[in-house]
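A short worksheet on the structure shown next.
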Amino acid sequence: MTTRSEKFDAHRRERADVATVTTAEDGILAPVAVLSSTPAPAGVLSEQDGKLEIGLFEIDSDIALRRMVVHNPSPKGTVLFLHGFPETLYAWKDISLALAEDYEIHAFDWPGYGLSSRPAVERFSYAPKDYARVLNDYIAKADIDTSKLTIYATDIGALPALLLALEKPDIAQALIVGDFAPFDRPAYMYESLQMLKAGPAMDQVRAILNKNRDEILENTFTRGLPEQAHFKVSREFKDDMSRGWSHGAMTTADAFSHYYSHFTRDQDQFESQMTRLNTPVKVVWGEKDLYINKEMGVEFAKKAGAELTLLSGIGHFPHLQNPKQTIDEVRASFT
């Protein structure tokens with residue numbers, strides 16, 4: 001049986017001599033696989049509903065996370081899903097139930113999202129580094145065996161996972177990340193996201209996000225995709241995002257804005273230290289991502305020596321547009 005240290009050693013060797021492949025579409029050099037975008041159902045089994053628990057989980061005196069756990073009496077491992085903006089843990093419900101046959105599944109709402117706590121910014125900054133601490137505390141308090149843990153993190157959830165991995169290489173046996181901004185490359189980002197990063201426009205964009213909640217929840221997931229590639233998210237998920245948007249004294253848009261106010265600092269810290277990254281990483285990216293250009297994923301994968309899978313025809317939310325692909329990626333991480 002391969003030991004944990006042997007896996008890390010193999011990962012380091014792979015990073016040293018990872019092969020590059022030229023994509024036919026744009027000639028960018030990176031370790032790339034381009035997959036079909038044909039959507040497939042998540043394969044939810046209704047009889048598994050009894051295994052699913054959703055409730056509050058205290059992290060410290062300021063923060064209680066709403067979490068979802070799908071139990072398995074004899075799991076092959078544990079999967080922890082980390083959502084992005086404007087999502088909640090319900091983004092992962094169907095996928096979690098589909099994977100529950102073999103794994104124990106965890107997901108939670110980040111502080112500022114869903115029904116998790118929203119402490120004042122004087123006590124919690126909502127920075128990626130703070131989210132990394134929350135992630136570390138959750139894993140410890142939930143008593144998750146990190147030697148059998150895969151973390152799947154997208155959008156705002158990915159940088160905190162990677163920042164934690166810099167400090168704790170054994171935090172997971174595998175990280176799957178994608179459609180996020182590991183580096184300070186505004187040119188690769190959607191215009192409104194660029195404006196959130198600095199300057200007086202930050203407050204203006206934040207106000208627009210708050211004003212346009214309903215439009216965001218209706219159109220964010222398919223914006224930039226051709227009509228034939230549009231997909232629906234469940235009413236349960238939409239209602240949960242809407243209900244949680246203004247939960248407490250801070251809106252989800254406010255939390256997102258606070259995250260971005262510290263984003264450049266934490267991106268720069270990660271990039272300056274990423275040679276220390278030894279946790280095995282797989283990068284999965286929507287080739288049609290409107291919000292974070294695929295070139296960001298290509299650069300990150302190349303610098304990290306990580307395998308990159310570009311999903312043809314997929315946008316910023318691969319787990320919603322083609323949940324079967326997410327399920328397959330998770331299963332592959334345990335082989």
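Numbers here are sequence positions counted from 1.
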Step by step, would you call Phe108 with Phe57 a ring-ring contact (aromatic ring centres under 6.0 Å, His included)? CA-CA 9 Å; Phe108 59 75; Phe57 188 80; 9.1 Å; no
Assess whether ring-ring contact (aromatic ring centres under 6.0 Å, His included) is satisfied between Trp110 and Phe85, documenting all intermediate values. CA-CA 10 Å; Trp110 288 113; Phe85 175 85; over 10 Å; no
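Using a 4.5 Å cut-off on side-chain heavy atoms (C-beta onward), Ser96 and Met68 make contact. A heavy-atom distance below 4.5 Å is found between the side chains of Val121 and Met250. Val330 has its side chain within reach of Val79: a pair of non-hydrogen atoms, C-beta onward, lies under 4.5 Å apart. No side-chain heavy atom of His262 sits under 4.5 Å from any side-chain heavy atom of Tyr126. Glu287 has its side chain out of reach of Ile314: every pair of non-hydrogen atoms, C-beta onward, lies at least 4.5 Å apart.
Not counting sequence neighbours, the partners of Phe81 by the ring-ring contact (aromatic ring centres under 6.0 Å, His included) test are Trp92, Tyr152. Contacts of Phe317 classified as ring-ring contact (aromatic ring centres under 6.0 Å, His included), with partners at least two apart in sequence or in another chain: Phe221. For Tyr190, the ring-ring contact (aromatic ring centres under 6.0 Å, His included) test picks out Tyr291, with sequence neighbours left out.
The six-membered or imidazole ring of Tyr131 lies near that of Tyr259, with a centre-to-centre distance under 6.0 Å. The aromatic ring centroids of Phe256 and Tyr113 lie 6.0 Å or more from each other.
Using a 4.0 Å cut-off between charged side-chain N and carboxylate O, Arg276 and Glu167 make a salt bridge. Between Asp239 and Arg243 there is no salt bridge, since no side-chain N of the basic residue sits under 4.0 Å from a carboxylate O of the acidic one. Contact check on Glu295 versus Arg185 returns no salt bridge, with no Lys/Arg side-chain nitrogen under 4.0 Å from an Asp/Glu carboxylate oxygen. Ion pairing between a basic and an acidic side chain is recognised when a charged N comes within 4.0 Å of a carboxylate O; Asp289 and Lys294 show no such pairing. Between Arg223 and Glu215, at least one side-chain nitrogen of the basic residue sits less than 4.0 Å from a carboxylate oxygen of the acidic one, meeting the salt-bridge criterion. The existence of a salt bridge linking Arg133 and Asp60 is confirmed by a sub-4.0 Å separation between a basic side-chain nitrogen and an acidic carboxylate oxygen. Salt bridge annotation for Arg67-Glu53: absent, with no cationic side-chain nitrogen under 4.0 angstrom from a carboxylate oxygen. Using a 4.0 Å cut-off between charged nitrogen and carboxylate oxygen, Asp240 and Arg66 count as a salt-bridge pair.
A cation-pi arrangement is not found for Lys129 relative to Phe270, the charged atom failing to lie both closer than 6.0 Å to the ring centre and inside a 45° cone about the ring normal.
Side-chain atoms of Thr251 never come within 3.5 Å of backbone atoms of Ser246 as a donor-acceptor pair (strictly under, hydrogens ignored). A donor-acceptor pair under 3.5 Å is absent between the side-chain atoms of Ser333 and the main chain of Ala174, judged by distance alone. Between the side chain of Ser257 and the backbone N or O of Asp254 there is no donor-acceptor pair closer than 3.5 Å. Proximity of a side-chain donor or acceptor of Thr222 to a complementary backbone N or O of Leu225 within less than 3.5 Å is not detected. Here the side chain of Gln194 pairs a donor or acceptor atom with the backbone of Met189 at under 3.5 angstrom. Checking side-chain atoms of Asp109 against main-chain N and O of Leu115 turns up a donor-acceptor pair under 3.5 Å. Judged by distance alone, with hydrogens and angles left aside, the side-chain atoms of Thr252 form a donor-acceptor pair with the main-chain N or O of Gly112 at under 3.5 Å. For Gln325 (side chain) and His319 (main-chain N/O), no donor-acceptor pair under 3.5 Å exists by modelled atom type.
When all heavy atoms are compared, the tightest approach of Ala100 to Asn72 is O-ND2, 2.8 Å.
For the pairing with Asp184, the side-chain contact (heavy atoms from CB on, under 4.5 Å) check across Lys197, Glu271, Arg265 returns one residue only, Lys197.
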